[in-house]
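What you are looking at is a predicted structure, and each value in this text was computed from that prediction instead of being measured. Below, chains carry the letters A, B, ... as their sequence lines are ordered, and counting in each starts from 1. We use all heavy atoms of the structure for the numbers below, so side chains are in, but hydrogens, waters and symmetry mates are not.
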Amino acid sequence: MTPIQPPRTKAAGAKIVRYNGVVKRYGDFTALDGVTLEVHAGEVVCLIGPSGSGKSTLLRCTNGLESLDGGDIEFEGARLARDERGLRVMRQRMGMVFQSFELFPHLTARQNVAEGPRTVLGMTAVEANRRANALLDKVGLADKGDSYPSALSGGQQQRVAIARALAMNPDVMLFDEPTSALDPETIGEVLGVMKKLADEGMTMVVVTHEMSFARRVGDWVAVFDAGRVVEQGPPAQIFDAPATERTRDFLSHLGWSG
Amino acid sequence: MTLDWAVVWQHRDALVAGARTTVLLAVATMAIALPCGAIVAVLRLYAGEPVRTLATAYVEFFRNLPLILVVYWAFYVLPILTGLGLSPFATGLAALALNVTAYNAETFRAGINSIRRGQTEAAMALGMSRVQALRRIVIPQALRRILPVLASTWVSLFKDTSLVSVIAVTELAYVSMQIRAQTFRVLEMLTAMAVIYWFLGYPQAKLVDWIQRRYAVTE
């Protein structure tokens with residue numbers, strides 16, 4: 001039922017993540033029903049589709065926060081580890097940004113960013129803080145290093161969370177609806193940081209309801225419905241000439257006019 | 001009715017010694033019950049069976065028994081079980097520690113459970129192990145959250161140490177009652193006892209308030 005795929009513009013890049021018939025069940029509910037998808041180096045792959053269609057579940061399977069019930073996931077050429085130790089090594093190379101930020105409330109913005117390098121990479125406090133300061137500067141929050149998350153706006157918190165994920169120097173960034181919990185006026189600043197990352201060549205998998213972002217920044221878009229990818233292709237195809245009824249339905253529900 | 005407050009002054013040495021024992025008993029109980037409570041909580045949350053069930057059974061057993069019963073039980077049964085002739089102080093300490101450990105275990109468990117799952121996931125997404133996530137992210141937040149509960153447990157414990165007077169531990173309550181029995185100065189000795197407990201307890205309550213303000217975390 002998957003239509004023939006057009007060639008990918010960044011097909012030259014190595015495959016970073018490869019989903020092969022991924023299945024995930026919660027009791028009787030099938031969240032992912034055989035998802036096959038590739039993420040190439042330097043690409044921004046956007047996962048769109050109605051709520052509960054499996055996009056976030058696929059993202060959480062990517063770094064092993066959820067286990068698989070079928071199929072498999074390859075990360076940088078190796079099968080995703082099933083044991084905690086192996087997963088830990090792989091997670092260090094995947095950054096993750098959550099819908100609800102999940103900053104550590106007992107740590108300052110700088111400490112949040114420095115926590116991974118310190119605890120996981122064993123960096124000294126001085127080194128880790130230097131890296132944290134540079135990353136806070138990159139997301140436009142150089143002056144907020146000493147602020148606790150509770151003193152920051154939603155948009156600022158999410159930018160700190162992006163810096164925290166970047167602090168591990170990941171090969172791929174996973175974004176789980178990064179702007180869904182934000183006030184409309186702060187969505188732009190987070191998308192701006194994500195656009196900047198994409199322009200720098202970061203490989204990104206983005207679960208989003210921001211269609212204009214998917215269209216403008218995405219290199220490849222996968223449309224989910226009921227745990228399946230019903231259509232995938234470059235944004236121009238998905239948004240201007242959707243091949244399936246499901247994609248057309250979904251986009252028209254959002255008021256997308258093409 | 002004439003009151004003779006001199007009786008309090010005459011027995012000041014005994015009262016001071018009793019107060020010292022009360023403080024020592026409370027401090028020693030907490031010193032045992034904090035780490036033991038943490039261990040029992042971790043066993044309840046993360047250990048496999050049958051350890052998990054045993055830890056739960058321990059907590060539910062001691063949390064639901066009157067402390068005075070545990071004190072008597074420790075006094076009569078513990079020597080038979082262990083074959084040791086424990087001093088009244090050690091016996092009282094054992095009873096209090098068994099009770100407060102159960103309370104602390106429940107407090108720690110609730111505190112750890114109150115931290116959102118997403119916090120552990122965020123830590124693990126960085127590549128931390130479960131133990132690292134617990135130690136660096138979950139426990140520091142849980143501790144701040146349960147501080148008020150631990151503090152109120154401490155305040156209760158400080159007063160509950162008086163219960164071990166029934167097995168002749170020479171703490172403040174026992175000493176006061178002894179003097180009362182010898183001098184028949186009931187009102188004076190009960191008042192003196194109340195004043196001493198209050199003046200020992202009040203600064204602790206204030207200290208606890210300060211700690212709570214100092215380490216409060218807003219989300």
Bottom line for B:Glu121: the part with an atom under 4.5 Å from chain A's heavy atoms is both
Are there over 12 heavy-atom neighbours, none belonging to B:Phe199, within less than 6.0 Å of that residue's CZ? no
Next item on the list: Would you mind reporting whether B:Ser129 and A:Arg85 have side-chain heavy atoms less than 4.5 Å apart?
Entry: no
Applying a strict 4.5 Å limit to non-hydrogen atoms, the region of A:Met94 in contact with chain B is backbone
Open item on the list: Looking at B:Arg52, I'd like to know if its CZ atom is crowded, meaning that more than 12 non-hydrogen atoms belonging to other residues, nucleotides or ligands lie closer than 6.0 Å.
Closed with: yes
Please lay out, stage by stage, how B:Met124 and A:Arg88 fare under the test side chain to side chain contact (heavy atoms under 4.5 Å, CB included). CA-CA 7 Å; B:Met124 289 178 60; A:Arg88 239 151 63 205; over 6 Å; no
Here the gap from A:His106 atom NE2 to B:Ile139 atom CD1, rounded to the nearest 0.5 Å, amounts to 10.5 Å
- Item | Over 12 foreign heavy atoms within 6.0 Å of CZ, B:Phe89 | yes
All heavy atoms of B:Ala122 vs all of A:Phe104, minimum pair found to be CB-CE2, 4.0 Å
So, the part of A:Arg164 with a heavy atom under 4.5 Å from chain B: the answer is both
Exercise. Quick check: are there more than 12 heavy atoms from other residues, nucleotides or ligands sitting under 6.0 Å from CZ of B:Arg117?
Worked result: no
Heaviest contributor of heavy-atom pairs below 4.5 Å to chain B, chosen from A:Asn63, A:Leu87, A:Leu103, is A:Leu103
Separation between CG (A:Leu121) and CG (B:Leu126), nearest 0.5 Å, reads 9.5 Å
Between A:Glu115 and B:Arg136, does a side chain to side chain contact (heavy atoms under 4.5 Å, CB included) hold up when you go through it step by step? CA-CA 9 Å; A:Glu115 182 61 30; B:Arg136 299 281 304 176; 2.7 Å; yes
All heavy atoms of B:Gln119 vs all of A:Pro105, minimum pair found to be OE1-CD, 3.4 Å
Bottom line for A:Phe98: the part with an atom under 4.5 Å from chain B's heavy atoms is side chain
- Task: Using atom types as modelled and distance alone, determine if a side-chain donor or acceptor of A:Gln92 lies under 3.5 Å from a backbone N or O of B:Met128.
- Result: no
